[in-house]
Amino acid sequence: KSCENYLKVLLAADSAAKKMTTHTEADGEVAALRARFDKVKAVAEAWVKKVDTLVKEWVLLDNTVVELNSWVAKDKSAEGENQFSLEKMESTLGELKNIFKEKEKLVENL
């Protein structure tokens, strides 16, 4: 959001520079600042995308762990011992492994 505010200031400076009779120096400065702004904005957008992906993976991991804990607690309370489905548990553990692998790749890319 603040990047967009700086862009407005930069564009206003550009229009003011064009109203001057000798504005070659100002034009050069505005062009350099615009190029710098574009690079910074691209990097910021890339980081936001990476962080969003990382947050989504953490939420997925948290939801899976909560679901796994609820299964274990429910099965313990219902039968007095662990009677939950081994296949379901193995698939959930496989899903957790995949989430951890994805998280590691995302952290390495940061």
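Residue numbers run from 1 in the order of the sequence given. What you see is a predicted model, and the numbers here were worked out from it, not measured in a lab. No hydrogens, no waters, no symmetry mates; every other heavy atom, side chains included, goes into these values.
- In summary, of the residues considered (I99, V65, L96), a side-chain contact (heavy atoms from CB on, under 4.5 Å) with L60 occurs for I99 alone.
- Here the NZ atom belonging to K101 is positioned 13.5 Å from the CD atom belonging to E57, to the nearest 0.5 angstrom.
- Residues forming a side chain to side chain donor-acceptor pair (under 3.5 Å) with R36 (at least two apart in sequence, or on another chain): none.
- When each of V48, L54, V55 is tested with D52 by the rule side-chain contact (heavy atoms from CB on, under 4.5 Å), just one qualifies, namely V48.
- Listed here is the closest heavy atom pair of L10 and R34: CD2-CA, 3.5 Å.
- Taking CG from D38 and NZ from K41, the interatomic distance works out to 8.0 Å, rounded to the nearest 0.5 Å.
- In this structure, L11 is a member of the same hydrophobic cluster as F37, with clusters built from ILVMFWY side-chain heavy atoms closer than 4.5 Å.
- There is a path of hydrophobic side-chain contacts, each under 4.5 Å, that joins V51 to V59.
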